[in-house]
Every structure is written in structure tokens, then in C-alpha cells.
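Notes for the one structure printed next.
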Amino acid sequence: MNHLRGAGFRRRAAVAAGIALAGLLAAAGTPALASASTARPHAGHRLVIAYNMGAEADPFFIAMNVGAAAEAKKLGVTLDWQGDPSVYSPSTQIPIVQEMLAEHPDGLVISPTDPNALQPIVNEAIAEGIPVSCVDTHVTNLSKVLTYITGNNAQGGAAAADAMAKAMHYTPGKTYQVAVGMTSPTTTTNVARLAGFKAEIAKKYPGIKIVSEAYSESQPAVANSNVNDWLTKYPHLAGIFAIDGTNATGASAAIQAHNLVGKIALVGYDAYANDVALLQQGVFAALIAQQPALEGMLEIKYMVQYLRTHSRKGIPHELTLPNIVLTPHTPASVLAKYTYPTA
Amino acid sequence: MVTSTGAVAPAGRRPGGAVRSMVRGLVGNQQFMLLIALAALVAYFTARAPVFLSNGELANILTDFCSLILLGIGETYVIASGGIDLSVGSATSLSGVVGAFAMRSLLGSHQGEALVLFVGTLVCVSIGLAIGLTNAALINWARLVPFVATLAMLGGAAGLAIVISNGEPIGLDPRAISLTTAKLGPFSYPSLVVIAIVAACWLSLHLTRYGRYTFAIGSNEFAARAAGIDVRRHVTSVYALSGALAGLAGMFVYMRLGSGAPTAGLNDELQAIAAVVIGGASLYGGVARMSGTVLGTLIITTVTSGLIISNVQANWDQVAVALLIAAAAAMQALRPARRA
């Protein structure tokens with residue numbers, strides 16, 4: 001990742017120099033840069049797809065990169081994959097997108113860290129003639145976006161509730177205490193998953209009571225501590241919904257430390273290799289797997305199709321991929337298919 | 001060069017003045033006030049949820065305490081010497097990940113658990129030590145101020161931890177997890193080791209020449225150099241100690257999670273600095289108490305667990321710690337200067 005950062009710094013320096021040059025040209029009344037910004041690919045030109053995500057080192061995006069890179073190679077286009085290594089924030093994302101656009105890519109795929117904050121730069125790219133697609137998350141106004149592909153977080157939350165109820169052998173009339181581990185109260189994916197989880201419980205499992213929601217702030221040790229505290233406070237805790245990878249790591253360790261494997265229905269989110277191994281050992285009752293590699297592959301496929309045909313035919317404006325429920329009984333071949341690839 | 005201690009009642013006061021003076025002295029004693037604050041917090045959380053005073057919850061708090069106090073000890077030395085170490089959280093993450101790679105490799109070749117943990121500890125401490133020595137080199141020879149030098153290491157080590165792990169936890173070690181469970185009352189075996197380290201560092205800071213040199217450099221670096229102290233060498237050793245302890249914290253968190261997580265120490269440097277400041281240390285250097293750091297760490301971990309146990313919205317944790325820092329800083333500002 002450091003080499004990417006180095007490239008980023010060099011690019012920032014180049015952009016700064018470019019801005020200075022643009023200032024000089026503007027002062028001289030030269031319109032050269034304006035025409036460059038709207039240049040379109042000519043025949044034989046190798047297409048460049050800029051792909052920007054929230055946090056490059058997140059295993060979810062690493063898996064997405066695997067799918068996107070394979071499709072780019074297959075279609076003979078260049079993939080410019082950039083993002084902040086770990087900070088999921090518009091303040092770090094926007095300057096990187098600006099640098100990527102300064103190189104005039106043929107298309108931009110973006111995973112906005114904030115629906116409103118990234119809207120202006122998406123508008124700017126579209127105005128310059130660069131088609132834009134969204135992946136995983138989206139900008140507020142999707143009307144001019146080529147396509148938006150995502151996993152269905154609400155459906156994933158509902159599937160987690162179903163998997164948990166099944167694992168705890170839910171019986172109407174009985175009461176079950178469950179707790180939810182989140183990253184923060186404002187992480188949009190967490191909020192959508194929790195909403196789906198709660199809606200499913202309200203609809204189908206009135207005996208399940210959510211007794212606590214706690215936040216890890218992206219620290220697995222904090223997630224671990226939260227679960228330890230729950231186990232003290234609620235000795236009859238029946239289930240835990242670890243809503244993301246960090247919480248899954250912390251919760252699975254706590255369950256093992258207290259010898260509660262198989263006694264508490266632990267449902268995690270995302271199919272990281274470690275968690276899939278723990279699923280096979282029965283530490284997790286279920287994992288809700290997204291399909292990041294497929295999302296990446298489809299984004300490249302649709303963008304290249306549009307750039308080569310200039311037609312939206314066959315390209316869905318919005319596509320929601322279902323999440324997959326993995327359990328200890330899922331065949332190994334299926335587990336292998338949905339485990340997030342890292343290379 | 002003198003550290004914070006209890007106040008002494010002046011002689012020659014009228015009757016009753018001694019009592020008032022003693023009360024004033026106790027109120028002005030940060031450690032005493034921290035004890036009161038800790039007792040009040042325990043009483044409050046116990047009243048809200050009696051289970052807070054159970055063996056299980058003490059074990060939970062102790063587990064949280066152990067990784068944070070290892071960073072707090074090192075930070076106490078660094079702050080006492082007039083510096084600051086922002087890299088300890090990242091050092092925890094990176095050492096835990098590198099150690100996890102080593103231990104995963106050994107577990108894969110079916111080595112015994114004792115050997116695996118021993119090698120893992122060595123690797124973690126070595127990585128932390130290397131980070132600490134790099135900090136010292138940047139400060140002593142590149143002439144960077146400690147804030148900038150350790151800030152650079154914070155970013156570098158955190159990024160490297162993510163790069164080499166691909167953002168995922170490394171290793172699956174349930175036997176390591178079982179070691180961190182309470183065995184003797186609320187104490188696990190690793191927690192006893194941590195407590196022994198705290199005691200040794202406590203003695204070293206307050207009762208040895210090494211500790212006196214640390215305070216001397218933090219009070220007045222030029223005077224310390226004039227007095228014949230090899231300041232560069234001592235500063236190097238202080239940052240090396242802080243880094244090595246952060247590496248040990250990385251090993252502790254590895255055992256706790258059964259894996260080396262790239263975000264294991266995320267923002268822990270701020271928690272550690274908060275604990276030291278709440279404990280009465282001055283960020284200007286020359287003033288610090290290991291007992292204060294221990295109490296500061298206990299208060300932070302008590303608040304974190306107490307809010308969960310009493311079902312209070314967890315984000316109040318940050319507000320509570322902020323208030324404690326403000327109160328500790330106010331106490332320092334209102335206290336008469338005791339530095340020589």
C-alpha cells in the first residue's frame with residue numbers, strides 16, 4: 001500500500017503543478033485545458049477505468065478488486081484502482097477522486113463514503129463526459145449514474161435474524177435475549193443491516209428481545225470486551241449479531257474464551273477466510289456473505305460495454321445482489337465460492 | 001525534577017488549621033482524588049447493576065486494563081522525559097500481525113504451544129522495539145520533535161499492518177484465547193505477568209537512578225546534560241522501552257483474540273495518553289506518577305465496561321473520558337507548582 005501512497009503523493013504534486021500551469025494559461029487566455037478535459041477515446045485507445053473505493057485495505061474491497069481486475073484483464077482495459085488505505089471518510093476520498101479525474105479516465109466507478117459529500121464531484125465528472133457508476137454505496141442523485149450495484153444490507157440483516165432464530169431453535173412463546181455488535185451508530189451499512197434485522201424480528205420472532213447494542217469503533221478488542229460485558233450482564237444471552245468483520249473477530253474470541261461455542265447463536269457478517277474457518281468449527285452459527293468480487297466484475301463489465309457501444313441496453317440502472325447465508329452445514333465447495341478472495 | 005506527592009501541612013497554624021490543611025492536601029492530591037473517583041464509579045455502576053462487582057466483570061475489566069496499561073507504562077516514561085509517543089497503538093497492531101504470522105507458521109508445523117507463544121512474544125517485542133528505536137533515531141539524529149517523529153511511525157506502522165495482513169486478522173489460535181481466561185479469581189496468567197511488569201516499572205521510575213534521569217531530562221534537558229546525563233542514550237532507551245511494551249501489548253491482544261488483527265491497537269495511543277494525563281502527568285515533562293497512570297487506566301476501563309453493564313449508550317464513554325481529562329488538567333493548573 002505504501003507504493004500506492006507514494007504514487008498518490010507524486011500525483012498530488014503533479015496536480016499541484018498542473019493547477020499552477022492552468023493558472024498561467026488562463027491568465028494568458030489559452031483554452032487548451034478545457035478541450036483536453038472533454039477529449040473522448042479514439043479508435044485503438046486502451047480504455048482506462050478509474051475505480052475508487054472507501055478504504056482500499058478493507059478485505060471487502062480487496063475481494064472486489066480481485067473480481068474487477070480479472071474482468072479488466074479479460075476485456076483488455078486498464079484498471080486504475082485507488083483509495084485511502086484505511087480511512088473511510090469523504091475528507092480523504094474526495095482529493096483522491098480529484099487526482100484520478102485529473103488524469104481523464106474513460107470511466108469512473110466509485111463507492112462514495114458519503115452520499116451528499118461525493119455528489120458534486122460525481123456531477124463534475126459526468127459534466128466532463130466521464131460516465132460514472134456507483135458500487136456498494138451511492139450518491140444521493142442516481143439519475144445520471146450509469147449503474148449502481150450493491151449487496152442488500154437490509155435483506156442481509158433479515159437473513160441474519162432468520163439464521164439466528166433457526167440456530168437457537170426459536171419456539172413461539174419463549175423469550176430470547178440477543179445483543180448486536182456494531183462499529184458505530186452512524187455507519188450506514190451497519191444501520192441498514194440492523195434495520196433489516198429488527199424488522200424481521202418484529203415480523204416473525206416476537207420472543208427475541210434485543211437487550212443491548214454496543215460499538216467497537218473498528219477495534220476487535222473493544223468488540224471482544226463488549227461481548228464479555230454482555231455475558232456478565234446477561235448470563236442467558238441466546239444470540240449475538242456481529243454486524244461486521246471487526247465485531248465478528250471480537251465476538252468469536254469471547255465465545256471461545258467462555259466455552260460457549262454452540263450455546264450462543266453467533267451470526268457474523270462477511271465471509272473472511274478466518275471467519276469461514278470458525279464457521280466450519282461451529283463457532284459461528286451463520287455468516288452472511290456478500291458478493292464483492294461479483295460486484296467488481298459486473299461494474300467493469302457494464303462500464304466497458306457502455307464505453308464500447310455508447311448504449312445503455314442490457315445495463316441495469318440499479319442492481320441489488322442478494323446476500324448468501326453460510327452455515328456450518330454449507331458444502332465446502334459453496335463456502336469456497338463465497339469466501340472473500342485476497343489475491 | 002520533583003514529582004507530585006501529598007502536600008505537607010505547614011507548621012505554626014492555629015488549632016483546626018492542621019485538619020483543614022490536611023483536607024486541602026488530600027483534595028489537592030491527584031492520586032487520592034482518582035481513588036475517590038474510581039470508588040464513586042464502582043459504587044455508581046454497582047448500584048445500577050449489582051453484577052458489576054462480580055468476579056466475571058472484574059476479570060473483564062482486568063483484561064481490558066492489561067493491554068492498555070502496557071501502553072500507559074511506556075507512555076508514562078516518555079511523557080516524564082518530556083516527549084510523547086503517538087506510535088504505540090500502531091506498534092501494537094503491527095507487532096501483533098507480524099507475531100501472528102510467525103506463530104501461524106509454527107502452529108502449522110505442529111510446534112508445542114509454549115514454544116509458539118515464546119517465539120510469538122519475542123517477535124512482537126522485537127517489532128515494538130524496532131519501532132521504538134526508529135522513533136528515537138528520528139528524534140535524536142533526524143532532529144524531529146517527538147510528536148512528528150512518532151506521528152510518522154503511527155501512520156507507517158498502521159499502514160504496514162494493513163498491507164501485510166490484507167486487512168484481515170491473521171491466525172486462528174483457540175489455545176491462546178483460553179490462556180486469557182480467569183484462572184486465579186479474576187486473574188488470568190498473562191494478567192499476572194502484566195501486573196509484575198507494572199510493579200517493576202513502578203519501582204524503576206520512582207526508586208532508581210534510571211527513573212531520576214528520566215524526570216531530570218523531562219524537567220530540564222540542558223541541565224540534565226550539564227549534570228553529565230547522556231541524554232541521547234537515555235531518550236533512546238525510553239522510546240525503546242515504550243515500543244517494546246507496545247509489542248508486548250500486541251502479543252496480549254493476539255492471545256485475547258486468538259489472531260493478530262491489523263486494527264488491534266487503533267486509537268489506543270490516545271487512550272494511553274489520556275490515562276497518563278488523568279493520572280496527573282504533565283505533557284511539559286518532568287511530572288508523572290506510575291500510580292496515577294494505573295488509576296487512570298483503571299478508570300477508563302471501568303467507565304467503558306460500566307456503561308455497557310448498566311446499559312448506557314456506549315458513546316458516553318468518550319464524553320466521560322473527556323471530562324476526566326479536563327478535570328485532571330484543571331487540578332494540575334490549580335495546584336501550586338512543585339517542580340524544582
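So you know, we letter chains A, B, ... as the sequences are listed, proteins then strands, and number each from 1. A quick note: this is a predicted structure, and the numbers were derived from the prediction, not measured.
- At a 4.5 Å heavy-atom cutoff, A:Val222 makes no contact with chain B through either its backbone or its side chain.
- Taking the side chain as every heavy atom from C-beta outward, A:Ser225 and B:Thr63 never approach each other to under 4.5 Å.
- Contacts with chain A were tallied for B:Thr301, B:Val253, B:Asp268, B:Thr180; B:Asp268 has the most, counting heavy-atom pairs under 4.5 Å.
- Two residues are said to be in side-chain contact when any heavy atoms from C-beta on lie closer than 4.5 Å; B:Leu172 and A:Gln281 meet this criterion.
- A:Gln256 places no side-chain N or O within donor-acceptor distance of the main-chain N or O of B:Pro174, the cut-off being under 3.5 Å.
- Using a 4.5 Å cut-off between heavy atoms, B:Ser178 makes no contact with chain A at all.
- B:Glu168 has its side chain out of reach of A:Ile62: every pair of non-hydrogen atoms, C-beta onward, lies at least 4.5 Å apart.
- Ranked by heavy-atom pairs shorter than 4.5 Å toward chain A, the options B:Ile164, B:Leu179, B:Asp64 are led by B:Asp64.
- Using a 4.5 Å heavy-atom threshold, the side chains of B:Arg256 and A:Asn224 count as touching.
- Heavy atoms of B:Ser259 lying under 4.5 Å from chain A belong exclusively to its side chain.
- Taking A:Asn259, A:Asp229, A:Asp275, A:Asn226 one by one and counting their heavy-atom pairs under 4.5 Å with chain B, the maximum is reached by A:Asp229.
- Ranked by non-hydrogen atom pairs under 4.5 Å with chain A, the options B:Gly171, B:Pro262, B:Ala261 are led by B:Gly171.
- A donor atom on one side chain and an acceptor atom on the other are found under 3.5 Å apart for B:Asn60 and A:Thr232.
- Side-chain N or O atoms of B:Asn311 include none that pairs as donor or acceptor with a backbone N or O of A:Ser212 at under 3.5 Å.
- Looking only at distances, no side-chain donor or acceptor of B:Thr181 sits under 3.5 Å from a matching main-chain atom of A:Ala257.
- For the set B:Ser305, B:Gly56, B:Gly265, the count of heavy-atom pairs under 4.5 angstrom toward chain A peaks at B:Ser305.
- No part of A:Phe60 comes within reach of chain B, as not one of its non-hydrogen atoms sits under 4.5 angstrom from that chain.
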